[in-house]
Every structure is written in structure tokens, then in C-alpha cells.
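Input: a single structure, listed below in C-alpha cells.
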Amino acid sequence: MKFVDEYRDRERSLQLSRKLHSITTHPWRIMEVCGGQTHAIVKFGIDRLLPDQVQLVHGPGCPVCVTPLEIIEKSQEIAARPNVIFCSFGDMLRVPGQTRDLLAVKASGADVRIVYSPLDAVRIASENPHREVVFFAVGFETTAPANALAVIQADSLGLQNFSLLVSHVLVPPAIEAVLDTPNNRVQGFLAAGHVCTVMGYAEYEPLAEKYRVPIVVTGFEPIDILQGVLMCVSQLESGRAEVENQYSRSVRPEGNREAVAMIRRVFRVIPRKWRGVGEIPCSGLGLNDEFARFDAEVRFGTTEFTLDEPSECISGEILRGLRKPPECPAFGTHCTPEHPLGATMVSSEGACAAYYRYRNFERGTE
Amino acid sequence: MTDPKKAAGGLSACPVPIADYPEVLLAHGGGGRLMHQLIEKMFVSNFDNSFLQQRHDSTRLELGDCRLAFTTDSFVVRPLFFPGGNIGSLAIHGTVNDLAMSGARPLFLSAGFILEEGLPMETLWKIVSSMAAAAQEAGVQIVTGDTKVVDRGKGDGVYINTSGIGLIDASVNIGPAQVRDGDAVIVSGDLGRHGIAIMNARESLGLETSLESDSACVSQLTLRLLEEGIDVHCFRDLTRGGLASSLIEIAETSGRHIEIDEERVPVLDQVRGACEILGLDPFYIANEGRFVTFLPESEAARAVEILRESPLGADATVIGRVADSRDNLVTVRSVIGVRRILDMISGEQLPRIC
């Protein structure tokens with residue numbers, strides 16, 4: 001398939017792997033931030049082509065995983081209301097709250113629908129004027145422009161029955177939270193290509209400078225990731241700490257200005273809780289005052305509800321690169337994709353789920 | 001202390017972990033881990049007998065000198081009509097294929113209809129006509145049936161159940177238990193067309209594609225291999241749960257290790273493209289006219305040649321082999337040459353967020 005196969009070429013992968021072996025002289029720990037990259041690394045076995053000294057750790061970049069328990073509970077509470085049509089991307093439906101997931105809420109009779117774009121939810125709202133239509137607006141900077149557009153459309157259509165349950169998070173504050181962890185061991189980052197396609201990469205420059213870490217904006221195919229790792233290791237080996245762009249076929253330094261303008265028009269930066277990590281200042285987006293009437297939390301009165309995470313799961317340490325999934329005693333035994341204990345087993349892009357699915361050599365018996 | 005098994009007046013307690021699943025979820029029918037748990041713990045444990053232990057698409061029954069294959073399947077597809085078929089043709093293909101997987105010659109089918117009040121007669125006529133055409137093509141007769149009508153709103157227009165009987169030749173002995181070390185694994189054609197065509201039609205994804213379901217009756221292909229004297233060890237059709245679930249079931253039933261080469265697995269570009277966009281894996285997508293067969297490596301080339309003589313088997317390919325190991329696993333060599341384990345998914349694949 002054109003535009004994909006050339007980035008999955010076996011020979012080219014092996015060449016990059018040999019190059020990486022030849023330049024690596026020290027042990028390095030590099031974090032790939034995005035869940036899509038984690039998925040590709042484990043699915044294609046990219047980490048097995050790396051020198052033993054180069055260790056990839058899987059970062060907090062899976063939006064499904066980091067959505068906090070209290071928002072999951074709120075989504076279920078709102079979805080269960082009789083007059084509500086609750087619209088969501090597919091993989092949010094299997095995320096467990098305290099006792100159940102949205103699929104179970106659906107099984108009990110709630111009208112929960114999988115949509116492929118927030119604009120589908122706007123259409124459903126205009127077709128069902130007597131019902132409340134709520135879209136579960138989850139994701140990083142990547143999904144924010146489409147969600148902003150949905151609000152703008154709903155506004156211009158004069159829809160009174162459309163709202164967003166917002167749980168948007170931002171990448172740079174998460175990288176900073178990792179770097180601020182007292183025993184941080186991450187020495188370089190692969191930044192998420194799709195996020196930078198929207199936002200550009202200017203906001204990573206101060207991070208690279210302040211913490212003296214290389215940050216390489218990286219794509220999602222095996223060749224992209226191997227190249228990103230190679231660029232990052234080259235910097236580490238030569239003592240540089242710069243922002244570089246591996247994914248230049250998609251990412252411009254300034255990002256997509258129209259998309260950024262749309263995000264700024266609809267959203268404002270607020271503190272957000274991350275599942276497994278806790279609250280990070282200035283790490284998320286919420287609707288700004290002009291569009292506050294589209295806030296499902298206000299409409300359904302759930303703003304005051306808070307909930308703490310259970311402590312038994314080590315996903316917080318996994319998301320910060322301190323430990324790997326098989327180091328958890330629950331991994332593959334009483335924590336599985338069917339019964340996830342925490343953030344990183346929840347989505348197929350989560351580090352634990354990816355390990356379980358593609359690398360279950362060392363897991364316990366079921 | 002009360003023995004939970006003796007609770008409720010002597011009835012056994014429900015062994016499905018009801019604390020986790022007090023109600024049936026859609027995922028219990030998705031062909032993945034949850035469905036297998038439901039079958040094992042709810043149905044097999046209650047209906048327990050030696051025939052169920054065959055764990056095959058259809059059950060082999062021996063009545064005197066006569067060996068029969070017997071199977072049943074229900075069809076609840078939405079939409080009723082999709083590119084490349086409809087619920088009627090699918091109801092014939094599905095059951096005929098289940099019989100074919102035992103190496104049987106399909107002979108007789110039953111058809112049970114659950115109709116929703118208000119279903120246009122014209123729609124039903126179209127469905128039944130295509131059932132008749134599919135049955136004729138497959139060489140089977142529909143010899144008994146049943147009709148029920150439910151209130152408007154209690155069904156999706158029409159549900160169909162078909163059961164089937166076929167005759168297994170005395171010389172044929174195939175099933176997961178016959179799989180041997182060194183066997184070649186052959187897939188009869190490209191993967192994922194049915195699942196993607198249905199998804200595109202059902203969800204109005206707006207993918208501009210001419211993609212049609214692969215729904216077809218494969219018994220001509222399976223019988224042809226047997227008639228040509230190929231020493232087939234196992235057939236398995238690749239319906240819900242796709243190639244991955246079928247291979248994992250066979251690895252687990254036969255206690256062997258299957259190695260697949262991802263690069264050799266045929267998938268149309270249109271299907272791959274749709275999967276990339278939706279975050280799905282073609283290995284797990286449903287098919288309705290595809291199967292895998294396990295047979296001695298020495299006969300693989302000739303088997304592929306025979307399959308390719310028919311348009312339905314035009315893309316038949318050797319995709320892997322049975323390795324000399326007893327770990328019940330399926331491994332895949334990825335396109336960049338690294339091996340990983342293929343795991344069964346919990347329920348249906350859900351499109352990813354980004």
C-alpha cells in the first residue's frame with residue numbers, strides 16, 4: 001500500500017538497526033510519548049532491533065488510558081440518563097470505571113453510540129432535537145481541532161441539545177511532569193508526530209533547553225520510529241539536547257495554524273487529572289466562557305464530583321517510565337485486558353495491553 | 001459453610017464470573033475471549049458430552065456405517081443487504097461452510113425465521129430468493145423450517161437460523177487433533193473483505209470503496225482438495241474473530257505451535273487502508289468465504305494449485321507452518337522480520353481514537 005509500505009521496509013529497518021548498533025556506546029533510556037508509537041513498537045517488534053543498551057520506555061500518551069476514573073464515572077452517569085444519546089469513539093466504551101464500563105451501561109439499556117467523528121454527534125443532535133446528545137471529547141491536541149469544530153458547528157446551527165464531556169490533555173506538560181519526577185530516568189523523548197502536526201514543535205524548545213534532553217518529533221511507522229531513536233541516540237552520544245523533526249513529511253515547525261486558532265477559540269488551558277498520575281497543572285483543555293453552555297458537566301451538574309484512584313496499580317510508575325509492565329505482580333494474572341486494574345491495561349494502545357497482546361511470553365497462566 | 005455449587009435448590013451455581021458480567025454484553029458474541037468463556041463455562045459445562053469435545057465448526061456423528069456432520073448457525077447481520085450479499089445468502093453460506101470444514105458434502109438444511117412485524121414482504125421475498133439461489137449453488141436442499149413473528153421493535157427485521165447435515169466420506173478424518181508438526185498452513189484467499197464491507201455499509205463510514213463481502217460457499221474447494229487425494233489434516237473457516245481467532249483455537253485444541261509470516265498473508269489494499277484509518281487489524285476482521293487448511297508440507301504446492309483453479313481460491317497462499325513445539329501458541333513474523341505472539345482479543349475490535 002503506497003505511503004505505508006515504504007515505511008515498513010525490512011531492509012531499511014535492518015540498515016537503521018545496524019547504524020544504531022554502531023553509534024551506541026552508552027546505555028540510554030528513551031521515552032516514546034504517544035500510545036500509537038507504543039502500539040507500533042510492540043506490534044512490529046521494533047524494540048528487538050535496538051541495541052541492548054537502548055531501552056524504550058512507554059510514556060503517558062494514550063488518551064484512553066489517562067482519562068481519569070472520575071470522568072469515566074461521570075460519562076456512565078450521564079449516559080445512563082433516559083433522554084441522553086451518548087456518543088463516543090469506540091475504544092472509550094471498554095474503559096472500566098469503579099464497577100463497570102460504558103458497554104455495560106449500554107447493555108442495561110442506555111443509548112450509547114460509537115461515532116467516528118464528533119461531527120457525527122452534531123448531526124445526531126440536529127436529527128434528534130428532543131434528546132440530549134453528549135459527545136465524549138477525549139484526546140490530546142490531535143483530536144482537539146475536530147472537537148472545537150463540532151462546537152462551532154453546533155453553535156452556528158443554534159443547537160440547544162448538544163454538549164461535550166471534555167477530558168482533553170496536552171503533551172508538553174506531561175513530558176515536564178515526567179522530567180520533574182524526583183527519580184526520573186528518562187534521558188530523551190520521541191515526541192508524538194500527530195500532535196506536532198497540529199501544534200508544531202516550538203513549545204518543546206524550552207523543555208529541551210531547561211532539562212537538557214533531546215526531543216525528536218517522530219512518526220508512527222517502523223522506519224519513522226527507528227529513525228527517531230537513531231536521531232535521539234546520536235544527540236545523546238554527542239552530548240546535544242535539541243528539538244529535531246524526524247516526521248517532516250507531516251510536521252511543520254509552526255504546526256497547522258488554522259487548527260490551532262480553532263482550538264484557542266473554543267478551549268482554554270486548565271489543570272487536569274491524569275489517570276495513574278494525578279493532577280498536572282495547565283495540562284488540559286476545557287471549554288472557555290464563550291462556549292460554556294456546551295459543557296456537559298455544567299448541563300448535567302457533575303462538576304463537583306471527584307474520585308480518587310485505587311492505589312494497587314503501578315500504572316503511574318509505568319506512565320512515567322519508572323517501571324515496565326512485566327515488573328507488576330498483577331500483570332497478566334489478575335490484571336488483563338478483560339479485567340484491567342488500571343490505566344495502561346485499558347486501551348489497546350496502553351503499555352500493559354500492548355505488552356500483554358504482543359509480548360505475552362512471560363505472562364502468568366490465565 | 002454453604003457450597004456454592006449446591007446452592008439454589010441443587011442447581012449448580014453459574015460458573016461464568018457473574019460478579020464481573022451480571023448481564024450479557026455484545027462482546028460475548030464477538031468471537032473473542034469473552035465468547036469462548038461463555039461457551040466453555042455456560043454451554044459446554046451444562047450440555048457436556050463427547051461430541052462437544054470435538055471443538056469443531058460442525059460435529060461428527062457416527063450412525064452405523066454412516067458418518068454425518070451436523071451444525072447450526074444464527075444470522076443477525078445489520079444491514080440486511082450489504083455489498084456482495086444479504087442475510088439470506090449469508091445464512092446458507094455460513095452453515096454450508098461449517099459442514100465443509102469437517103470435510104463433509106453438505107446435503108440438507110433447515111431454515112428458521114424470526115420476523116419483525118412490519119417487515120416488507122418485498123424485502124423478505126428478496127432474502128428468501130437469494131437463499132434459494134445460494135442453496136442451489138451449494139448443492140443443498142432446505143427441507144424443513146419454522147417461522148415466528150415478533151412485535152414491531154423487538155427484532156431487526158429478520159433473524160435467520162439454519163442447521164445443516166452433510167455426509168463425510170469414510171476415508172476422511174480431519175479436525176484440529178489431526179494437525180501435525182511441519183504441516184503447511186494455507187489460507188484460501190485474501191482477508192477482511194466481509195467485515196470491512198459490512199462496517200462501511202452499517203456505519204456509513206463514507207469510505208469510497210467498491211469493496212464487496214467475500215461471502216461464498218467454499219464446499220466446492222474443500223471437496224475438490226479431498227477428491228484430488230490431498231491428505232488434509234484440518235479445515236477451519238475464518239468467520240468472527242478472523243484469522244487470528246481461528247489459528248489460536250487450533251493451536252490450543254491441537255496443543256501445537258503455529259508460525260505465520262505476516263508478509264505472506266493476502267489482504268487487499270482497500271481493506272488494509274480501511275484498517276489503517278480505523279485502527280483495526282485485518283487478522284481479526286470477519287470473513288464469510290475464507291478458510292485455512294493444514295496439510296503436509298510436501299503436498300502444499302499442489303494444494304495451492306488446486307485451490308487456485310477456482311476463482312474463489314485464486315489468492316490461496318501458504319502463510320506459515322506448524323512448528324515443532326507444544327506451547328499452544330501462534331506467532332507472527334512481522335513485516336520487519338521480528339516475531340510476536342498473536343493473541344485472541346476480548347470481544348469485538350473497537351475503532352481507535354487516534
Side-chain angles (χ1 to χ4, degrees), chain A residues 1-2 4-5 8-10 12-14 17 34-36 39 42-49 62-64 88-94 100-101 103-104 106-108 114-116 120 138-140 142-143 192 194-195 222-223 226 336-339 347-349 356-361 363 366, chain B residues 17 19-28 30 32-34 36-37 199 202-207 244 262-263 267-281 283-284 327 329 331-354:
Chain A
M1 194 165 51
K2 209 163 168 356
V4 172
D5 288 340
R8 294 179 181 173
D9 182 71
R10 187 176 302 185
R12 185 101 179 82
S13 305
L14 293 176
S17 166
C34 175
H39 194 78
V42 190
K43 175 175 176 188
F44 291 101
I46 297 166
D47 52 340
R48 307 223 161 164
L49 294 181
C62 162
V64 177
S88 170
F89 292 130
D91 48 1
M92 288 307 294
L93 301 195
R94 223 175 344 234
R100 56 182 186 166
D101 57 23
L103 283 173
K106 179 173 186 274
S108 325
I114 294 179
V115 295
Y116 298 86
D120 293 342
V138 172
F140 282 90
T142 337
T143 52
H194 291 158
V195 168
I223 301 288
L226 284 165
T336 63
E338 285 93 59
H339 301 287
S347 154
S348 64
E349 292 190 5
Y356 186 88
R357 182 147 160 210
Y358 297 122
R359 192 66 57 71
N360 34 15
F361 294 92
R363 79 175 181 217
E366 284 169 271
Chain B
D20 301 326
Y21 302 108
E23 291 166 340
V24 173
L25 303 181
L26 275 176
H28 282 115
R33 205 50 86 188
L34 286 190
H36 282 81
Q37 284 172 4
M199 199 181 283
R202 178 167 62 204
E203 311 291 350
S204 311
L205 295 182
L207 298 175
E262 185 167 19
E263 229 165 19
V267 182
L268 283 186
D269 269 1
Q270 289 188 54
V271 172
R272 283 184 61 199
C275 286
E276 289 288 334
I277 291 168
L278 297 170
L280 305 175
D281 186 337
F283 277 36
Y284 296 91
D327 55 11
L329 290 177
T331 56
V332 179
R333 200 162 75 121
S334 78
V335 290
I336 61 167
V338 183
R339 279 205 307 140
R340 69 165 199 266
I341 288 189
L342 197 63
D343 196 22
M344 204 178 270
I345 50 172
S346 300
E348 281 179 283
Q349 287 196 101
L350 297 174
R352 292 212 317 263
I353 220 165
C354 62

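Note on naming: letters A, B, ... go to the chains in the order of the sequence lines (proteins, then strands), and numbering restarts at 1 for each one.
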Contacts of type side-chain hydrogen bond (donor to acceptor under 3.5 Å, both in side chains), residue B/Asp327, not counting sequence neighbours: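 B/His257, B/Ser325.
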Would you please name every residue forming a salt bridge (Lys or Arg N to Asp or Glu O under 4.0 Å) with B/Arg333, sequence neighbours left out?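 Only B/Asp261 meet the salt bridge (Lys or Arg N to Asp or Glu O under 4.0 Å) criterion with B/Arg333.
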When you check the gap from the basic side-chain N to the acidic O, do A/Asp101 and A/Lys106 get nearer than 4.0 Å?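 No.
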Any ion pair linking A/Arg8 and B/Glu262 (charged N to carboxylate O, less than 4.0 Å)?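 Looking at B/Glu262 and A/Arg8, the cut-off is not met.
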With a 4.5 angstrom heavy-atom cut-off, could you sort out which part of A/Ile223 is near chain B: side chain, backbone, both or neither?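 Neither the backbone nor the side chain of A/Ile223 comes within 4.5 Å of chain B.
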Chain B contact via A/Ser17 - which portion, at a heavy-atom distance below 4.5 Å: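 No part of A/Ser17 comes within 4.5 Å of chain B.
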Using non-hydrogen atoms only, which part of B/Val267 is less than 4.5 Å away from chain A: side chain, backbone, both, or neither?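 For B/Val267, no heavy atom lies under 4.5 Å from chain A.
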